[in-house]
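Fair warning: this is a prediction, and the values are worked out from it, not measured in the lab. Below, each value reflects all heavy atoms present in this structure, side chains not excepted, and no hydrogens, waters or symmetry copies. Remember, it's 1-based here, ligands and their atoms both numbered in the order they're listed.
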Amino acid sequence: MMRSMGGFALGIALLLMIALVGQALTATVNEFNSSISAYLLGESYWSKARSSATQLLYRYAVERDAALLDEADQMLDVQLGDRDARFALDHEPPDLDAARAGFERGMNPSGNIDRLVWVYRWLRDLPALRDAMDSWRATDPMLSRVVALKDELRTAVQSSDEETISRLIDELLQTDARMGVLQKEFLDDFVKATDWVHRALVVFSAIGFSMLTLVSALLLRLIVRRVRASEGSFRAAFEQAAIGMIRVGDGGRLLAANDRICARLGYSEAELQRMGFDRIDGSDGDSGLRALREKLFASSEGSISEERDFIARNGRPLRIKLTASMVRNHEPGSSRMLALLEDVSEAHRLSEELHHHVTHDALSGLANRRELQRSLAQLLARSRRDDSRHALLLLDIDRFKLVNDSAGPAAGDEYLRRVASRLSDEIGAKAVLARVGSDEFAVALESVTIADALALAERMEAIVSGTTFRWGAFNSALTACIGIVEISPDAPDTNWVLRAADIACYLAKEEGPGRIRVYVESDEAVSRRRSEVEWVSEVRLALDEDRVFLFAQPIHDFRDGSRLRYEVLARLFDRSGRMHTPGAFIPAIERYGRIDLLDREIVRKTLAMLAEHPQHVARLESCHINISAQSLATPSFRDYVVCAIKGSNMPGAKFCFELTETAAISNLAEARAFIDAVHALGCKVALDDFGSGMSSFGYLKTLAVDILKVDGVFARGAADDSFDRTVLQAIGRMGHALGKYTIAESVESDAAMQAIQALGIDAAQGYAIGKPQPLEALITADAGVHGDAAVH
Ligand code: C2E
Ligand code: CA
Ligand code: CA
């Protein structure tokens, strides 16, 4: 390719050069012709002057008129001028001015003078011209003799020496005749030279022209070869391309299709040409190559791309990307289209699958929360546009945990799938049904009244209560609560809609299983619930803005009061600086499943603060940290706690984790894993609020806890209430029997404290011992008592 490129360039250069030489040659020929004419003209003046001079001298000899002598002088000067010019040019270096002056005297027209000079200077030695010039030179002595004769004639005439006159006339005529002969020779030689030069020029031109033809032919051959080669390589590329290619002629006719696309579609090229592409084009709408071609024509781009569906011979649907570009022909008005065809079926399938993953719930195959939110946004926008009303239904299965806990998660999943498929049969394509939580489903209903929505909610509840799940010999059905919210132009945003449905569902649950409730903004219950929802965002904000603080409450050991033990309690300060206790915000974040955020923050802050006070830590018996049952069930939380304690370089034995029972421990296996993990670090585990919840005793059996914290309700009657006393005593004994350390909570008076001690409980916590205070203050006070060196 490079070589042929080089040959091509050389060919072009040669052609140009030849053309230039040709032009120069033509100019030279023209110039030469003009110069020849100049010499011939000059010669004619010279010869005229010669014969005139002879005649005038002759007449003078006869008529004896002195004026004739002057005229003869003038004629002689013409010949002398030419001669002097030649002398000047023969001089080394040539005297050009003298030469020009000489030729001027020779009567030559001024336009010819330079040519005369040029020819003489450069061409006088050409073989043909040399003879002519020699003839001219040979006239020099004769010319001089004529000049001398003129003077002699004057003298003879003046002295009337007739004899001399007649001799001089004879000599004059003879000399003139000899000059005439030489002049003729000059003329002959000159014509010969001209012929020679002309012939040479013809030969040159012939050679030049032949070369031109030759180079042109070579060049043409080179071009043809290259065009063929590129056509060949295009054809080869077309045939063997790894990508499908077709060529399309006028009117969308298929001209050619390469092997690749034929194989893909399962038709031969001839078949495709016969049936046309449109027959296998599975796209709906504007299809066919003709349409594509027209689109390409209409677009200002050089090429266009689009995806289309095709059906292969074996019936397989194919997604093909066509990239068409125009190949213009030389004939006006006709252009071909070349299209690349890429099978993007696989990529398309993957992207659809991905889209499905992103927008659907893997377990049920229903839409997911994100997809629901998208359709809610659409409904909301529509409602604002045309004041239409829509609805969102949120269905939460009651006591679903029962299925999971008793029959295992696999049975739970199976149950959810069955419910999902039945709900989806009921709802069909009319609305978007989504699974938005583990046992929560939502339906976005377009253009419905609340009555319609209620009717559907009842049918959905019936479906849930009609779907049984089997576990061993056990065959049971669950119920579901449903919250409904209208989507009207007043709804602030989709989050509000979702929260409202959530609140309605929560209120339905409060009423009992299998209830349905419509959200009404003015409900008192609604505003209570709404404030809970607001708490969730407030906690997140407080965590971000570092407005969650550590408080701590001391725990008094009855046997050794000097042992330093306390419980860390969370406090939130709002932006106005008001303090809030966990009772206000923990239920909300627990319900929204985000309490692990708070627990992490408390663990992180506690470790950070203690790490700054090593002397305090050295004296510390145990720092209790509350962990919600929800956090407990989160493996990532366990990993976090383990890493944090290991990273703190403080002994694990300094910490005790209290498992609060504010939420049910849903996953016992995870809870055990957590306990095992912190035990491995030397930490202790306490069961909080022992005696109050139904499952307290169950947990005692299944969870390897070290400490029991007796619920505060029993401490109140420790001094005088026989029931409370009996419970406290029973727990104290049981604790000792099982080797557990027991702590009574909410001990508010000294009397209660003494009673509790007497009933066999190991330790007490409550206002009687100390109120919750900032952990930092507690550490500082402790350092003060012991006179620590450096207190931060
Ligand atoms: P809890 O673990 O049972 O903590 C004891 C609660 O009783 C504390 O309320 C404390 O202020 C209060 N209390 C202490 N002594 C007395 C008393 O003599 N009389 C009365 N009436 N109450 C007393 P607080 O701080 O409001 O905590 C409430 C609950 O919030 C805690 O109950 C605990 O379950 C939870 N909690 C607190 N901090 C955290 C935390 O960091 N993480 C988690 N998951 N839960 C926390
Ligand atoms: Ca606690
Ligand atoms: Ca407690």
Original post:
Taking distance alone, with no angle check, do Glu567 and ligand 1 share an N/O pair under 3.5 Å?
Top reply: yes

**OP:** Specify side chain, backbone, both or neither for Gln553, according to which of its non-hydrogen atoms lie closer than 4.0 Å to ligand 1.
**Re:** side chain

**OP:** Identify, by atom number and element, the atoms of ligand 1 in contact range of Ser628, meaning under 4.0 Å from any of its heavy atoms.
**Re:** 44 (N)

Original post:
Hey, are Glu510 and Arg515 close enough for a salt bridge, meaning a charged N less than 4.0 Å from a carboxylate O?
Top reply: no

**OP:** Report yes if Ala570 has an N/O atom closer than 3.5 Å to an N/O atom of ligand 1; otherwise report no.
**Re:** yes

Original post:
What's the shortest heavy-atom distance between Arg559 and Asp557, and which atoms?
Top reply: N-OD1, 2.9 Å

Original post:
How far apart are the C-alpha atoms of Asp361 and Ser364, what are their side-chain angles, what is the distance that settles it, and do they pass the side-chain hydrogen bond (donor to acceptor under 3.5 Å, both in side chains) test?
Top reply: CA-CA 6 Å; Asp361 162 52; Ser364 63; 2.4 Å; yes

**OP:** Say whether Thr581, considering both its backbone and side-chain N or O atoms, lies within less than 3.5 Å of an N or O atom on ligand 1.
**Re:** no

**OP:** Salt-bridge test for Asp788 and Arg619: reply yes if a basic N is under 4.0 Å from a carboxylate O, no otherwise.
**Re:** yes

Original post:
Can you find a non-hydrogen atom of Lys771 under 4.0 Å from ligand 1?
Top reply: no

Subject >> the Ca ion (ligand 2) contact by Glu658, N, O or S atom under 3.0 Å >> reply: yes

**OP:** Check Asp599 against ligand 1 and report side chain, backbone, both or neither, counting heavy atoms closer than 4.0 Å.
**Re:** side chain

Original post:
So is Arg571 in contact with ligand 1, going by heavy-atom distances below 4.0 Å?
Top reply: yes

**OP:** Specify side chain, backbone, both or neither for Pro772, according to which of its non-hydrogen atoms lie closer than 4.0 Å to ligand 1.
**Re:** side chain

Original post:
Quick check: does Thr660 have an N/O/S atom under 3.0 Å of the Ca ion (ligand 2)?
Top reply: no

**OP:** Determine whether the side chain, the backbone, both or neither of Ile602 has a heavy atom under 4.0 Å from any heavy atom of ligand 1.
**Re:** side chain

Original post:
Side chains of Asn626 and Glu567: do they bring a donor and an acceptor to under 3.5 Å?
Top reply: yes

Original post:
Taking N or O atoms only and a 3.5 Å limit, does Glu745 qualify as a polar contact for ligand 1?
Top reply: yes

Original post:
Relative to the Ca ion (ligand 2), which of the N, O or S atoms in Glu567 is the closest?
Top reply: OE2

Original post:
Which N/O/S atom belongs to Asp688 and is the closest one to the Ca ion (ligand 2)?
Top reply: OD2

Original post:
Of all the heavy atoms in Gly712, does at least one lie under 4.0 Å from an atom in ligand 1?
Top reply: no

